[in-house]
Amino acid sequence: MNPTRACLAVASLLMILGAGCNGPNGAGDMNNGQMTQQDLDSGRRVVESAVEAIGGAEKWRSVRPLRAKALVTVYDAQGAAYVSLQDHVIDLNAGRIDASGQAAADQGWALTVREDGSGQFVQGESALRPEHRRLLLDSLSLLAHRLRGPVNLTRGPGTPVSAETVSLRGRRLIRVGVANDPQGTQAYYFDPDSRLLHMVTAGGDAVGEDGTVALYDYELLVSRGIGFPKRVRIVRIGDFSLVGQQPVVDVEYQRVE
């Protein structure tokens with residue numbers, strides 16, 4: 001990253017941290033109940049800084065599809081787990097994942113999913129149980145969107161709004177609210193030191209709501225020059241804490257190329 005840009009990004013974050021709120025669901029500085037331009041600008045600055053931390057918008061616009069091994073665990077409503085080792089071809093710009101694997105009957109299967117929720121099997125659909133098929137389609141479609149992390153907020157239609165500092169499970173984070181997102185995302189939470197994305201809430205952003213939380217672990221892909229999630233875990237929002245105990249999907253990537 002350009003040193004001048006890096007200094008400006010860090011300075012912006014420090015300004016936001018100094019002006020932030022302490023509640024996890026606040027809306028920043030309000031003017032008669034309305035979001036101020038300063039709120040909107042602060043959210044955009046945090047997102048821009050976070051995108052720089054994972055390589056920058058230019059690299060993400062030009063990145064070619066990635067190939068990786070993925071250890072995927074999907075969970076049904078009762079908590080039963082379906083584990084599979086899959087091959088993924090991930091087109092980050094198109095919001096698409098082509099996945100393939102082996103069923104228990106040693107039959108191969110392959111599917112294509114997109115971030116808009118569409119998807120279909122192209123091979124071996126009958127080799128999987130109906131509930132497993134549905135879980136794979138839904139979970140990987142959600143993943144196709146979440147893998148871009150903060151880059152999503154630079155492309156629309158979802159837009160970042162106010163930024164505030166919050167304390168969550170004893171950890172200080174920067175919360176950026178999201179407006180008008182068709183994926184239902186409510187807020188992105190960033191680490192103030194590394195500027196990396198820590199988690200994303202969707203469907204709700206408060207304890208007891210009917211929503212999900214995506215939790216991220218990043219690594220640098222040296223060959224591509226971008227930061228990419230080596231692990232994404234999605235859980236339900238809890239009744240007593242924002243990050244609940246009911247898992248939805250857990251994906252761990254290996255040998256990303």
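Just so you know, residue 1 is the first one in the sequence shown, and it goes up from there.
With a 6.0 Å radius and a threshold of 12 heavy atoms from other residues, nucleotides or ligands, Gln254 has its CD atom above the threshold. More than 12 heavy-atom neighbours from other residues, nucleotides or ligands sit within 6.0 angstrom of CZ on Arg155. Applying the 6.0 Å contact sphere to CD of Gln245 captures no more than 12 heavy atoms from other residues, nucleotides or ligands.
A side-chain donor-acceptor contact under 3.5 Å links Asp76 to the backbone of Ala80. In terms of modelled atom types and a separation under 3.5 Å, the side chain of Glu209 and the main chain of Ala206 share a donor-acceptor contact. Judged by distance alone, the side chain of Asp138 and the main-chain N or O of Leu135 form no donor-acceptor pair under 3.5 Å. Distance alone, capped at 3.5 Å, is enough to place a donor-acceptor pair between the Thr154 side chain and the Val151 backbone. Under a 3.5 Å cut-off, the side chain of Ser139 and the backbone N or O of Leu136 do not form any donor-acceptor pair.
Closest of all the heavy-atom pairs between Trp109 and Ala99 is CZ3-O, 3.7 Å. The heavy-atom pair separating Ala214 from Val232 by the smallest distance is CB-CG1, 4.5 Å. Scanning all heavy atoms of the two residues, the minimum distance from Val176 to Pro160 falls at CG1-CB, 3.6 Å. Nearest approach of Tyr82 to Glu131, heavy atoms of both residues: OH-CG, 3.2 Å. Of all the heavy atoms in Pro157 and Pro182, the pair that sits closest is CG-CD, 3.4 Å. In this structure, Thr212 and Arg236 approach most closely via the heavy-atom pair CG2-NH1, 3.6 Å.
Here the side chains of Leu92 and Val63 are in contact, with some heavy-atom distance below 4.5 Å. In this structure the side chain of Arg175 reaches within 4.5 angstrom of the side chain of Asp205, judged on heavy atoms. Side-chain contact between Thr201 and Thr185 is absent, with no heavy-atom pair separated by less than 4.5 Å. Leu137 has its side chain within reach of Phe121: a pair of non-hydrogen atoms, C-beta onward, lies under 4.5 Å apart. The shortest distance between side-chain heavy atoms of Ile54 and Pro150 falls below 4.5 Å. Under the 4.5 Å side-chain criterion, counting only non-hydrogen atoms from C-beta, Ile174 is not in contact with Tyr189. When side chains are defined from C-beta on, Asp250 counts as touching Arg231, because their heavy atoms get closer than 4.5 Å. In this structure, the side chains of Leu168 and Met199 come closer than 4.5 Å at one or more pairs of heavy atoms.
The distance from the CD atom of Gln86 to the OG atom of Ser100 is 8.0 Å, given to the nearest 0.5 Å. Between Leu85 atom CG and Glu252 atom CD the span is 11.0 Å, to the nearest 0.5 Å. Atom CZ of Arg169 and atom OG of Ser167 lie 11.0 Å apart (nearest 0.5 Å). In this structure, OG on Ser141 lies 10.0 Å from CZ on Arg114, to the nearest 0.5 angstrom. Distance CG/Leu153 to CZ/Arg148: 10.5 Å, rounded to 0.5 Å. Atom-to-atom distance recorded for Lys59:NZ and Arg224:CZ is 12.0 Å, nearest 0.5 angstrom.
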**Q.** Steps toward side-chain contact (heavy atoms from CB on, under 4.5 Å) verdict (Glu219, Leu221)
**A.** CA-CA 6 Å; Glu219 69 175 349; Leu221 300 181; 4.2 Å; yes
Q: Given ring-ring contact (aromatic ring centres under 6.0 Å, His included), test His198 with Tyr188 step by step and report yes or no.
A: CA-CA 8 Å; His198 177 62; Tyr188 283 58; over 10 Å; no
Q) When you look at Tyr253 and Leu147, which way does the side-chain contact (heavy atoms from CB on, under 4.5 Å) test go after all the steps? A) CA-CA 11 Å; Tyr253 281 107; Leu147 284 176; 3.7 Å; yes
**Q.** Stepwise side-chain contact (heavy atoms from CB on, under 4.5 Å) test for His88 and Leu140
**A.** CA-CA 10 Å; His88 283 189; Leu140 295 183; 3.9 Å; yes
Q) Between Val213 and Ile234, does a side-chain contact (heavy atoms from CB on, under 4.5 Å) hold up when you go through it step by step? A) CA-CA 5 Å; Val213 180; Ile234 300 177; over 6 Å; no
Q: Begin from the C-alpha positions of Arg146 and Glu115 and carry the test salt bridge (Lys or Arg N to Asp or Glu O under 4.0 Å) through to its verdict.
A: CA-CA 9 Å; Arg146 298 293 190 266; Glu115 63 178 315; over 6 Å; no
Q.
If you apply the rule ring-ring contact (aromatic ring centres under 6.0 Å, His included), what do you find for Phe228 with Tyr218, and how did you get there?
A. CA-CA 5 Å; Phe228 183 77; Tyr218 274 87; 8.0 Å; no
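Classification of Arg133 and Glu125 as a salt-bridged pair holds, one side-chain N sitting under 4.0 Å from a carboxylate O. Under a 4.0 Å N-O distance rule, the pair Asp191/Arg195 does not qualify as a salt bridge. Using a 4.0 Å cut-off between a side-chain N of Lys or Arg and a carboxylate O of Asp or Glu, Lys69 and Asp87 qualify as a salt bridge.
Hydrophobic cluster of Val222: the remaining members, joined at side-chain heavy-atom separations below 4.5 Å, are Leu220, listed by chain and number. Tyr75 shares a hydrophobic cluster with no other residue; no ILVMFWY side chain has heavy atoms under 4.5 Å from its own.
Each of Ile97, Asp98, Leu66 was evaluated against Val89; a single residue qualifies, Asp98, per the side-chain contact (heavy atoms from CB on, under 4.5 Å) test.
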